[in-house]
Structures are given as C-alpha cells and as structure tokens.
Number of protein chains: 2
Amino acid sequence: MGSVPSRKPTSFDIAYLAGVSQPTVSRALRNSPSVSPATREKIQQIAKELNYKVDKNASSLRSQQSNTLALLFFEDPTPDDSHINPFFLSMLGSITRQCARKGYDLLISFQQLSGDWHTDYQDSHRADGIILLGYGDYEDYRDRLTHLVEQGTHFVRWGLAGTDEPGLTLGSDNRGGGKKAVQHLLENGCRNIAFIGTASSHAPEFEARWLGYCDALTEAGIAVDPALQRDGISSEESGTEAVQSMLASGQKFDAIFAASDLIAIGAMRAVQDAGLKIPDDVAVVGFDDIPASSMTAPPLTTVTQDLKAAGEALVTALLQQISGEKVESFALPVNLMIRDSSAASKA
Amino acid sequence: MGSVPSRKPTSFDIAYLAGVSQPTVSRALRNSPSVSPATREKIQQIAKELNYKVDKNASSLRSQQSNTLALLFFEDPTPDDSHINPFFLSMLGSITRQCARKGYDLLISFQQLSGDWHTDYQDSHRADGIILLGYGDYEDYRDRLTHLVEQGTHFVRWGLAGTDEPGLTLGSDNRGGGKKAVQHLLENGCRNIAFIGTASSHAPEFEARWLGYCDALTEAGIAVDPALQRDGISSEESGTEAVQSMLASGQKFDAIFAASDLIAIGAMRAVQDAGLKIPDDVAVVGFDDIPASSMTAPPLTTVTQDLKAAGEALVTALLQQISGEKVESFALPVNLMIRDSSAASKA
DNA sequence: CTGAAAGCGCTTACAG
DNA sequence: CTGAAAGCGCTTACAG
C-alpha cells in the first residue's frame with residue numbers, strides 16, 4: 001500500500017518497485033539488449049500494471065529528437081476558411097498511418113505562403129522533419145525552399161520530381177500521366193483537344209502535364225494549337241471560365257484535358273450548361289482522382305495517383321534523410337482511370 | 001566574434017549577449033510583465049537576430065503542459081487504407097486554424113476502435129487534451145468514453161450533444177436537421193418518404209435524424225411506416241443496397257431522406273440505375289454537405305452543418321475544460337441547402 | 001524588476 | 001548486465 005503513488009508514475013517509481021536503478025528501467029522499456037531478459041520482463045510487467053508511459057517531453061529533450069514529423073499544408077491564395085485541396089487531404093490518411101507504423105507522431109498545420117514557419121518546427125525541436133504539401137506559385141516558393149536547405153532543415157516536398165530544384169521532392173509522373181490522358185482521347189477519335197491549366201514555371205506540375213499533352217499530340221502528328229489552351233489554377237471556377245471563354249471565342253473543341261479534377265469538374269458544368277453532351281460532344285479527362293470524381297455526372301475519367309504509395313514514400317524518404325542517408329527525388333507511376341466522361345467512342 | 005555559437009542558440013546564449021540572467025530571458029520572451037520594457041525589447045531583439053526558438057520539449061517538461069492537442073479520427077470497420085469520412089476531413093481545417101490561433105499545436109492520428117491509445121497521448125504528456133472524431137458503433141464506444149472520464153483525461157467529442165452520455169460532447173442539431181429536411185420534402189408534395197440509416201443507440205446521430213423525420217411526418221399527420229425505413233451505415237453501398245431492397249420489395253416511395261450524404265449519393269445512383277428520375281420520380285435529401293454533394297447529378301439537397309463553427313467550438317471547449325472551467329455540451333444549428341435533387345415541386 | 005537555485009523526467013556516456 | 005553521475009533547456013518559486 002502506498003507504494004503506488006497517485007500522481008503519474010515515473011521511471012523512478014518503476015525502479016523502486018522492481019528493485020533496480022532508474023536507468024535500468026529506461027533501458028528495459030526501450031528493449032535495450034543490455035538488460036537481462038528476466039529484469040526486462042519484470043520491469044515491463046510493472047510498467048504495464050502502473051499504466052506507465054514514458055514522458056515524451058523528457059525523452060525528447062534528453063535524446064534531442066522528437067520522433068515527430070510536421071505536415072504543412074499550404075495554398076497560395078488562402079481564403080480564410082478555404083477548403084484544402086481534396087487531393088492532399090486524401091494523402092493524409094496514408095501519411096498518418098505510415099508515421100504511426102514508424103513510431104512517429106504527426107503534427108499538422110496550415111500555412112500561408114508567408115511568415116517564418118518554415119524552420120520553426122525544427123528549431124523549436126517540435127519536429128525532426130517537415131512534409132510540405134501544397135499548391136501555390138512555385139516561383140515565390142523556390143526561395144523558401146532554398147532557405148530551408150541552407151538552414152539544414154530536414155524536409156520533403158510533394159511536387160514535380162526529377163528536376164534540380166532545391167530539396168528532396170517526390171511527385172507523380174505528371175508528364176507521363178498527361179500523355180496517357182491525351183492518348184486515350186486520341187484513341188477515342190478526338191482531334192481538337194483543349195488543355196486547361198496554367199503551364200508555366202509558376203506551376204511546374206501543370207506544366208509537366210501540359211508537356212505530356214504536347215507529347216501525345218506530337219506523336220500523333222497533330223500540331224499543338226495555342227488557341228486550345230487556357231490558363232487556370234486548380235479550381236472549379238477556372239474550369240468553368242476557361243470553357244466559357246473558348247465557347248465565346250467560337251473555338252472548336254471535341255475534348256478537354258484539364259490539369260486537375262477540380263478544373264475538369266468546373267469545365268464539365270460549363271459544357272453541360274451550354275447544352276453540349278459529355279462525352280458525345282466533348283469528352284473530358286481530369287487529373288488527381290479526387291473522391292468527387294467518381295460522383296460527378298457523368299463520372300470523370302482521370303489520371304489516378306497512388307496516394308497510399310505517395311504518402312508512404314514521403315514519410316520513408318524523410319526519415320531516411322533525417323537518419324543521414326542519401327535520398328534521391330523520384331516520380332511515382334500513374335494510371336488512367338477511364339469513366340463515362342470519355343468512354344464513348346467517336347471513331 | 002565567436003559570441004554567436006554555431007550550434008542552436010539557447011536562452012543562456014541570449015542571456016550572455018544581453019548581459020542578464022537566463023531566467024530573465026525566459027521571462028522576457030514570454031512577455032512577463034515583471035520585466036522592464038527596455039530589457040524585454042533588448043532580449044527580444046537579440047533572440048530575433050539569433051533566430052532563437054524556445055525549445056518546446058524543455059518548456060513542456062518544465063511547465064508540465066505541452067500546448068498541444070491531439071485529434072483522433074476513427075472509424076469502426078477500418079479497411080486498411082480507408083478513406084476518412086469526408087465530413088470529418090472538412091472539419092480539419094477549422095480545427096487546425098483554431099488551434100494555431102490559440103497557440104496550440106495539433107497532433108493527429110487515426111485509430112482503430114481498439115487498443116489503449118485513448119489515454120496514451122495525455123499520459124505521455126504529448127497532448128493536453130484530445131478531440132475525438134469518428135463514426136462507429138456507439139455501444140462499443142461508450143465504455144471507452146467512461147474510462148476516459150474516469151482517468152481524468154481531457155477530451156471533447158463530436159457526436160450527439162444534449163444527452164447524458166459520458167464526457168463533453170458537441171454536435172449538430174441532428175433532430176432539428178432531420179425535421180427540416182423532411183418538412184421540405186413534404187412541402188414539395190412528397191408523401192411516401194423513405195429513411196435510410198440505422199436508427200438505434202448504436203448510431204445516436206442517425207437516430208436523432210430519424211426522430212426528426214418522425215417529428216415532421218407526425219406534425220403533418222402522416223403515419224411513420226416501418227416499411228419505408230432501411231438500416232445502413234454511412235457509405236454509398238448502404239444507400240445503393242437500401243434502394244435496391246425497396247425497389248425489389250415493390251415498396252412505393254417518392255422521396256428519400258438519407259442519414260448522410262454518402263448514403264444519399266449511393267441511393268441516387270440506385271434510383272437512376274432503375275430508370276427513375278430525380279427529383280421528379282424520387283426526391284433525395286442527404287445530411288452533412290460533403291464537398292461531393294454539390295458535384296453530383298443532380299446536385300444534392302442536404303442539411304449543412306457549420307463546420308467552421310464546429311471546429312472552433314471543439315477546440316474552444318476543450319481548452320476551457322483543460323483550464324478547469326465548467327463546460328457544457330451543446331448542439332450547433334444546421335441549415336437546409338436546397339439543390340436540384342429535391343427542387344422540383346410536385347404539388 | 002532581477003538573479004541564484006532547484007528541478008521537470010528522462011537518456012547516455014562512463015565505470016565496474 | 002547494472003548503477004552513479006551528469007545534463008538536455010527550460011520555468012518557477014523564492015529572495016532581494
């Protein structure tokens with residue numbers, strides 16, 4: 001009686017009950033090989049009975065590592081309570097689970113593309129490394145990445161892999177995905193394929209998808225027509241406006257490859273509002289496979305990214321970087337998910 | 001030279017440079033009123049120059065509070081890489097922002113409805129309190145809540161508010177929302193209104209929506225017909241199966257009130273697959289207003305919950321509880337968002 | 001308003 | 001395999 005204190009137990013309490021020193025308790029609970037099996041078992045048994053949990057703060061302070069990663073979402077024009085891009089949200093589950101599997105906690109935050117949050121998490125020892133997810137103007141963003149690299153911050157970013165941009169970057173095979181999407185439209189007999197999405201260094205992933213679009217057209221012997229391209233960020237409004245603009249200009253088009261599903265969904269709406277049929281008059285293909293894509297009318301054909309693999313790869317790469325391994329940026333393969341928005345053949 | 005160390009600066013470094021003691025640095029950086037303005041300014045200036053950040057682990061260890069909250073998502077039947085319920089995902093942004101506003105970090109985790117994670121976060125001092133979000137069998141869940149209460153864990157839960165269930169619970173006015181939805185259908189001339197969703201103590205929120213359904217019918221002098229009710233969890237499959245079952249049974253119905261949007265979306269698909277028109281043959285109303293609801297064909301009428309207010313209320317209530325204030329459970333108001341799935345009048 | 005002292009609860013060399 | 005000692009970087013009484 002009285003041997004089990006009512007305040008939260010510490011390793012000293014366990015040590016006292018087990019008749020060993022406090023450091024031995026610490027070792028036993030971390031499964032150090034330098035503790036005899038008998039002692040270890042006894043200690044772990046007592047710890048369990050007392051419902052003892054190692055104090056994370058003390059442990060992190062002493063060992064100088066937090067076993068925590070920070071996930072930073074950001075979007076460039078951040079309306080006050082903006083919805084996060086659903087694509088990134090879908091990655092959240094996979095990232096969280098992979099962190100748990102590796103014994104890491106995950107801290108999350110939303111950020112404006114401003115302020116000095118970048119290094120804060122690591123400088124304050126709240127996280128050992130950072131995962132960056134977001135769309136935004138890449139030209140604004142690059143400086144910050146460079147700064148992070150200079151500060152020695154551990155981070156990994158979802159973006160356009162395979163370039164010489166600062167820091168570790170994983171991403172999908174955007175160019176290959178764009179090519180697959182457009183080849184599919186070509187096979188279905190489409191010849192005037194529009195592209196919606198800003199294709200510039202400000203949006204490198206969209207630019208890569210655009211390059212894939214060009215690849216497919218060029219291989220098919222079709223000239224890339226600037227009149228069939230419209231700029232746009234990833235939003236339904238962008239898609240709607242782009243289609244309205246093309247319709248107003250009298251531009252002929254029998255298909256749309258949108259740089260993202262949100263754009264595609266907005267585009268479909270504008271097409272249908274104009275009294276045109278999808279896919280008979282205009283076939284539509286998106287990119288991302290967000291949850292809503294399977295629920296639109298008609299369901300949207302799109303380029304799917306393997307979010308489970310992506311989330312796991314981000315966490316794994318970051319942990320490797322933290323542990324001092326050399327990690328290379330790389331691209332993950334993508335697949336075309338064919339649904340009704342492009343399914344009918346026109347040939 | 002040499003006065004600025006190359007390792008990460010500590011409060012001792014600042015103290016040395018400012019010519020004061022280390023505790024004074026600590027006070028100045030936390031804006032303690034017991035530091036002279038001049039000293040405070042000088043210290044903060046130096047801290048900024050050195051890019052000094054208070055070590056979170058040391059601070060938390062010493063003060064015995066982490067300034068961190070944990071957000072636990074869970075779903076009962078957890079397929080391996082299940083999508084999280086989009087409704088909860090939508091709340092994430094608001095919760096995160098409110099935490100940031102209050103100076104708290106947010107830790108997130110997905111959990112099975114098993115294991116001993118409940119108190120882990122608090123016992124290990126990783127978080128000062130827990131936000132629980134999830135659907136699941138409430139009957140299984142209640143014991144765990146009771147246990148949490150007994151352990152003195154600080155937590156708040158999104159669920160059915162206003163009952164005498166264990167712990168602090170915030171939620172929407174589910175019953176009022178259900179009533180609004182069904183009144184709307186009645187106003188549009190519907191008379192055989194089906195309800196899809198398990199209405200039992202295993203799913204208290206669905207049950208409350210069902211009670212709202214009954215309220216509206218009863219007020220309109222229409223008897224509640226058990227043949228028009230089908231059980232179902234929150235998934236598209238449930239909705240599809242329920243509609244198929246009703247069609248197969250020959251049951252007449254001219255409207256469906258689904259206990260969630262996911263159910264409603266699955267139900268709409270089954271209705272359309274059967275060659276029936278929405279809303280002319282069957283009007284459909286859901287609950288939640290998930291992002292996909294505005295993108296379905298036709299767009300789904302649904303009961304919207306104020307997610308921004310909900311997220312803020314969860315965080316605020318939890319922080320109040322942590323600080324020892326007495327907090328009461330309460331329900332947030334809901335609104336009916338009328339879209340095309342119910343818009344046509346039949347009267 | 002400021003400083004000297006203590007201590008939060010661990011982990012990690014270092015000895016034995 | 002185990003223990004005594006030190007120390008991670010702060011915050012908080014306690015004095016003055």
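Letters A, B, ... are given to chains in the order of the sequence lines, protein chains preceding strands, and every chain is numbered from 1. These values consider heavy atoms only, across backbone and side chains, with no hydrogens, waters or symmetry-generated copies.
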Participant: Should A:S66 and B:K56 be marked as a side chain to side chain donor-acceptor pair (under 3.5 Å) after you check the CA-CA gap, both sets of side-chain angles, and the distance that decides it?
Facilitator: CA-CA 10 Å; A:S66 62; B:K56 186 81 186 303; over 6 Å; no

Participant: Taking the nucleotide of DNA chain D with the nearest heavy atom to each, does A:P23 or A:S34 sit closer to the 5' end?
Facilitator: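 Taking each residue's closest nucleotide, the earlier one in sequence belongs to A:S34.
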
Participant: Does the side chain of A:S11 get closer than 4.0 angstrom to OP1 or OP2 of C:dC10 through an N or O atom?
Facilitator: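 Indeed, a polar side-chain atom of A:S11 lies that close.
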
Participant: If we count only N and O atoms by modelled type, under 3.5 Å, do the side chains of A:N57 and B:H125 hold a donor and an acceptor together?
Facilitator: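 No, no side-chain donor-acceptor pair sits under 3.5 Å.
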
Participant: Determine: side-chain N/O of A:T24 to OP1/OP2 of D:dG3, distance under 4.0 Å, yes or no.
Facilitator: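 Looking at the OP1 and OP2 atoms of D:dG3, one of them is under 4.0 Å from a side-chain N or O of A:T24.
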
Participant: Between atom CG in B:D55 and atom C1' in D:dC8, what is the gap in whole Å?
Facilitator: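 Checked: the CG to C1' distance equals 8 Å.
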
Participant: What is the distance from CD1 of B:I14 to P of D:dC10, rounded to the nearest Å?
Facilitator: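 So the CD1-P distance, B:I14 to D:dC10, works out to 9 Å.
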
Participant: Separation of A:Q22 atom CD from C:dT11 atom C1', in whole Å?
Facilitator: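 Taking CD of A:Q22 and C1' of C:dT11, I get 8 Å after rounding.
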
Participant: Reckon A:S59 touches a base, only the sugar-phosphate, or nothing at all at heavy-atom distances under 4.0 Å?
Facilitator: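 The answer is sugar-phosphate, as A:S59 gets under 4.0 Å only of primed atoms, P, OP1 or OP2.
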
Participant: Taking 4.0 Å as the cut-off, does a side-chain nitrogen or oxygen of B:R27 come that near to OP1 or OP2 on D:dC10?
Facilitator: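 Checking D:dC10 against B:R27, no side-chain N or O comes under 4.0 Å of OP1 or OP2.
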
Participant: Considering only NZ, NE, NH1 and NH2 on the basic side and carboxylate oxygens on the acidic side, decide whether B:R97 and B:E312 come within less than 4.0 Å.
Facilitator: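 Between B:E312 and B:R97 there is no salt bridge, as every charged N stays at least 4.0 Å from the carboxylate O atoms.
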
Participant: Closest approach to the side chain of A:V54, judged atom by atom: which nucleotide of D:dT11, C:dC10, C:dT12 is it?
Facilitator: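 When the side chain of A:V54 is considered, C:dC10 is the closest of D:dT11, C:dC10, C:dT12.
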
Participant: Send over the distance from B:Q64 CD to D:dT12 C1', rounded to a whole Å.
Facilitator: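 Those two atoms, CD and C1', are 12 Å apart.
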
Participant: Could you tell me which nucleotide pairs with D:dA4 by Watson-Crick or G-U wobble geometry, both distances under 3.5 Å, or answer none if nothing does?
Facilitator: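 Result: none.
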
Participant: Find the distance B:K53:NZ to D:dC10:P and express it as a whole number of Å.
Facilitator: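 Taking atom P of D:dC10 as the reference, NZ of B:K53 is at 12 Å.
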
Participant: A:K56 has an atom NZ; how far is it from atom P of C:dT11, in whole Å?
Facilitator: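 Result: 12 Å.
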
Participant: Give A:S26 one of three labels, base, sugar-phosphate or nothing, depending on what nucleic acid heavy atoms sit under 4.0 Å from its own.
Facilitator: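 Answer is base: heavy atoms of A:S26 come under 4.0 Å of a base.
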
Participant: Please report, rounded to the nearest Å, how far the C1' atom of D:dT2 is from the OH atom of A:Y16.
Facilitator: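 After rounding, the gap between these two atoms is 20 Å.
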
Participant: Report yes or no: do B:Q98 and B:T316 form a side-chain donor-acceptor pair below 3.5 Å?
Facilitator: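 B:Q98 vs B:T316: donor-acceptor pair found between side chains.
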
Participant: Reckon A:T39 touches a base, only the sugar-phosphate, or nothing at all at heavy-atom distances under 4.0 Å?
Facilitator: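 Here A:T39 touches the backbone only, sparing every base.
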
Participant: Quick one: do A:D55 and A:K8 make a salt bridge, cutoff under 4.0 Å?
Facilitator: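 No, no charged N to carboxylate O under 4.0 Å.
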
Participant: Report yes if a donor N or O on one partner sits less than 3.5 Å from an acceptor N or O on the other, where the partners are the side chain of B:R62 and the base of C:dG9; otherwise report no.
Facilitator: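 Donor-acceptor pair under 3.5 Å: no.
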
Participant: Can you tell me the base-pairing partner of C:dA13? Count Watson-Crick or G-U wobble geometry only, both distances below 3.5 Å, and say none if there is no partner.
Facilitator: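 WC or wobble partner does not exist here.
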
Participant: Between C:dT2, D:dT11, C:dC1, which one does the side chain of B:V35 approach most closely?
Facilitator: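 It is C:dT2.
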
Participant: Between B:S21 and A:A58, which is nearer to the 5' end of DNA chain C once each is assigned its nearest nucleotide?
Facilitator: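 Final value for this comparison: B:S21.
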
Participant: Check the phosphate of C:dC10 against A:S63, side-chain N and O only, distance under 4.0 Å to OP1 or OP2. Yes or no?
Facilitator: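 Indeed not, no polar side-chain atom of A:S63 lies that close.
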
Participant: Would you say B:Y52 reaches D:dC10's phosphate, i.e. side-chain N/O to OP1/OP2 under 4.0 Å?
Facilitator: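 Yes, within the criterion.
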
Participant: Any donor-acceptor pair under 3.5 Å linking the side-chain atoms of B:S26 with those of B:R30?
Facilitator: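 The answer is yes; a qualifying pair exists.
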
Participant: Roughly, in whole Å, what's the span from CG in B:N31 to P in C:dC1?
Facilitator: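 Value for this atom pair: 14 Å.
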
